[in-house]
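What follows is one structure encoded as structure tokens, with my remarks underneath.
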Amino acid sequence: MKKRKVLSVLFSFSLWVLFFACRKDEIVLPAEYELLPIPVRTEASFAPGEPIGMYLLNEGNMGSNKASIDYVDFVNGYYVRNIYSERNPAVIKELGDVGNDIQIYGSKLYAVINCSHKVEVMDARTCVRIGQIDIPNCRYIRFSRGKAYVSAYVGPVAIDPNAQLGAVFEVDTSSLSVTRQVSVGYQPDDLDIMGEYIYVANSGGYRMPRYDYTVSVVERYGMKQVRKIPVGVNPHRLRQDRYGRLWVNSRGDYDQISPALHLLDKKDPRSKELTVTDTFDISCSEFVILGDSLYFYSVSWNDQTETNRVSYGIFNIASKTLTESGFISDGSEKDIRVPYGIAVNPYNGDIFVTDAKNYVSSGVLHCYNKNGQKKWSVRTGDIPAHMAFLYKTN
């Protein structure tokens with residue numbers, strides 16, 4: 001353990017020298033390596049499909065150009081802060097302004113940088129930059145059959161009651177070029193792909209208080225919007241389950257209309273069309289699905305106490321019941337000020353929750369085992385939010 005620590009210090013110092021040699025006109029912080037209390041393993045000991053690492057995209061404050069990527073190395077037991085800067089010392093302005101989504105597809109890592117109007121593309125194993133895709137006010141990204149689909153607000157980053165319709169852009173993942181696009185609802189956020197259709201949650205966030213309340217259905221072959229499904233006001237996150245259904249959270253109007261969780265299913269098994277079959281009175285800010293468990297947390301502002309009300313839970317999507325009042329069992333949730341991101345390791349059930357703290361300084365990543373007991377915590381970049389597992393391949 002002592003040898004590992006000395007080596008990490010020497011390595012970080014050498015990177016510091018490299019940075020200042022490559023960027024004489026800028027002051028760039030080197031990556032930081034921190035040992036985690038997890039066993040060191042060889043990559044060969046990981047099973048195919050088991051995560052060997054996890055990328056964490058830190059949003060950074062809007063206008064500060066401080067989006068960054070951290071990396072949890074499950075093989076060597078390190079947490080690496082600001083890995084993008086380390087691996088790409090010649091890139092001016094580093095990652096960009098406001099990281100909004102991060103995903104891996106094939107051998108590439110994609111980071112959606114909202115206010116820099118681009119999708120940054122890197123090698124998934126090394127985080128070395130490959131190129132970028134220019135998309136205005138981009139939000140989220142998903143993949144299918146060699147194509148990437150990116151939701152975008154399209155218009156300027158500003159509250160505007162007359163804000164324009166958003167769009168979904170199709171991108172060829174080989175050439176990294178935009179091939180087609182289609183208009184959808186107002187300010188589209190998360191999206192998912194099922195069969196021949198893309199489903200997009202239209203938030204209408206810029207048009208507040210006249211939020212959108214629909215999910216657009218886009219037929220991929222013709223790249224056209226074929227219909228809209230009414231859901232709750234201000235939908236945001238959208239996830240499919242193993243039963244061929246979609247779950248959508250709506251955030252309400254932060255005043256009179258409460259948040260909710262909606263299930264989109266087929267009323268007729270012979271039909272291809274999804275519709276809202278159930279709505280649950282559950283405040284769900286972010287969620288992730290693993291098996292029959294929908295892990296979620298809720299952050300809601302209380303005007304009377306001027307504090308956030310935070311809660312955690314597990315919803316059983318098979319029985320449609322709330323099975324747990326919270327997935328953290330050891331009382332350590334009190335250490336989390338503002339939960340801001342959630343992920344679950346599909347191999348061992350470890351639960352990851354990020355804490356944005358005060359939104360202007362370093363956040364924290366917490367790791368819990370499948371029974372909800374804290375394993376470790378580590379300092380992150382500013383506003384840690386989005387996570388993507390790097391899996392071992394054959």
Side-chain angles (χ1 to χ4, degrees), residues 101 103 139-154 165-171 179-205 207 210-252 257-282 284 286-294 296 315-321:
D101 194 15
Q103 301 288 334
R139 300 292 292 178
Y140 292 93
I141 186 167
R142 296 294 180 267
F143 306 90
S144 179
R145 302 176 189 172
K147 304 292 185 183
Y149 296 92
V150 183
S151 62
Y153 286 5
V154 181
L165 290 170
V168 172
F169 291 76
E170 181 187 74
V171 177
T179 53
R180 296 184 295 177
Q181 70 181 76
V182 57
S183 293
V184 288
Y186 293 106
Q187 290 77 66
D189 274 319
D190 204 6
L191 69 164
D192 214 334
I193 302 168
M194 292 177 61
E196 296 303 318
Y197 297 97
I198 307 167
Y199 296 86
V200 192
N202 302 309
S203 71
R207 297 165 62 88
R210 295 186 298 116
Y211 294 98
D212 205 329
Y213 56 91
T214 63
V215 169
S216 286
V217 183
V218 174
E219 187 265 307
R220 288 202 305 146
Y221 179 78
M223 201 59 180
K224 60 182 180 180
Q225 180 178 256
V226 293
R227 67 191 184 97
K228 290 183 178 179
I229 306 171
V231 289
V233 169
N234 192 9
H236 174 236
R237 185 66 66 196
L238 189 151
R239 291 281 186 267
Q240 63 177 288
D241 64 22
R242 58 182 179 179
Y243 304 109
R245 307 174 303 185
L246 285 173
W247 295 83
V248 184
N249 68 335
S250 60
R251 295 171 291 189
I257 303 174
S258 300
L261 180 65
H262 312 274
L263 172 60
L264 275 59
D265 198 0
K266 299 174 184 177
K267 286 187 175 180
D268 184 343
R270 296 168 296 181
S271 173
K272 293 183 178 180
E273 293 189 354
L274 298 180
T275 187
V276 176
T277 57
D278 295 275
T279 295
F280 304 93
D281 185 20
I282 296 175
C284 178
E286 289 284 350
F287 68 93
V288 62
I289 298 173
L290 179 63
D292 284 343
S293 296
L294 185 151
F296 70 92
F315 184 82
N316 187 296
I317 61 173
S319 63
K320 301 178 184 178
T321 57

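For the single chain, residues carry numbers from 1 onward in sequence order. In this text the structure is predicted, and so the values were computed from the model without any measurement.
Legend: residues meeting side-chain hydrogen bond (donor to acceptor under 3.5 Å, both in side chains) with Arg220, ordered by chain and number and at least two apart, are Ser144, Tyr149. Annotation: side-chain hydrogen bond (donor to acceptor under 3.5 Å, both in side chains) contacts of Arg227 (sequence neighbours excluded): none. Remark: Tyr199 engages no residue in a ring pair (Phe, Tyr, Trp, His ring centres under 6.0 Å) (not counting sequence neighbours).
The side-chain heavy atoms of Leu191 and Val150, taken from C-beta on, include no pair separated by under 4.5 Å. Looking at Asp101 and Arg142, their side chains come closer than 4.5 Å, going by heavy atoms from C-beta outward. You'll find the side chain of His236 stays beyond 4.5 Å of the side chain of Val248, heavy atoms only. Within the 4.5 Å cutoff, the side chain of Trp247 has heavy atoms near those of the Ile317 side chain. Within the 4.5 Å cutoff, the side chain of Phe143 has heavy atoms near those of the Gln103 side chain. With a 4.5 Å cut-off on side-chain heavy atoms, Val184 and Leu165 do not count as touching.
The side-chain hydrogen bond (donor to acceptor under 3.5 Å, both in side chains) test with Arg239 singles out one residue from Asn249, Asp192, Asp190, and that residue is Asp190.
Shown here is Asp281, whose CG atom has no more than 12 heavy atoms of other residues, nucleotides or ligands within 6.0 Å. Within 6.0 Å of the OH atom in Tyr221, the count of heavy atoms belonging to other residues, nucleotides or ligands does not exceed 12.
One distance of note links OG1 of Thr179 with CD of Glu170; it measures 3.5 Å at 0.5 Å rounding. To the nearest 0.5 angstrom, Ser216 atom OG is 5.0 Å from Lys228 atom NZ. Here the OG1-CG distance, from Thr277 to Leu264, works out to 7.0 Å after rounding to the nearest 0.5 Å. In this structure, the separation between OG1 on Thr275 and CG on Asp265 is 9.5 Å, given to the nearest 0.5 Å. The OG atom of Ser250 sits 14.0 Å away from atom CZ of Arg237, with the distance rounded to the nearest 0.5 Å. In this structure, CG on Leu274 lies 10.0 Å from CD on Gln240, to the nearest 0.5 angstrom.
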task: Would you please test Phe315 and Phe296 for ring pair (Phe, Tyr, Trp, His ring centres under 6.0 Å) and show each step?
output: CA-CA 8 Å; Phe315 184 82; Phe296 70 92; 7.7 Å; no
side-chain contact (heavy atoms from CB on, under 4.5 Å) assessment of Glu273 paired with Val217: CA-CA 9 Å; Glu273 293 189 354; Val217 183; over 6 Å; no
task: Please step through salt bridge (charged side-chain N to carboxylate O under 4.0 Å, His left out) for the pair Arg251 and Asp189, ending with a clear verdict.
output: CA-CA 12 Å; Arg251 295 171 291 189; Asp189 274 319; 3.5 Å; yes
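For Arg180 and Phe169, the positive end is not near the middle of the six-membered ring at less than 6.0 Å and at most 45° from its axis.
Side-chain polar atoms of Thr214 and Asn202 form a donor-acceptor pair below 3.5 angstrom.
Proximity of a side-chain donor or acceptor of Ser203 to a complementary backbone N or O of Pro235 within less than 3.5 Å is not detected.
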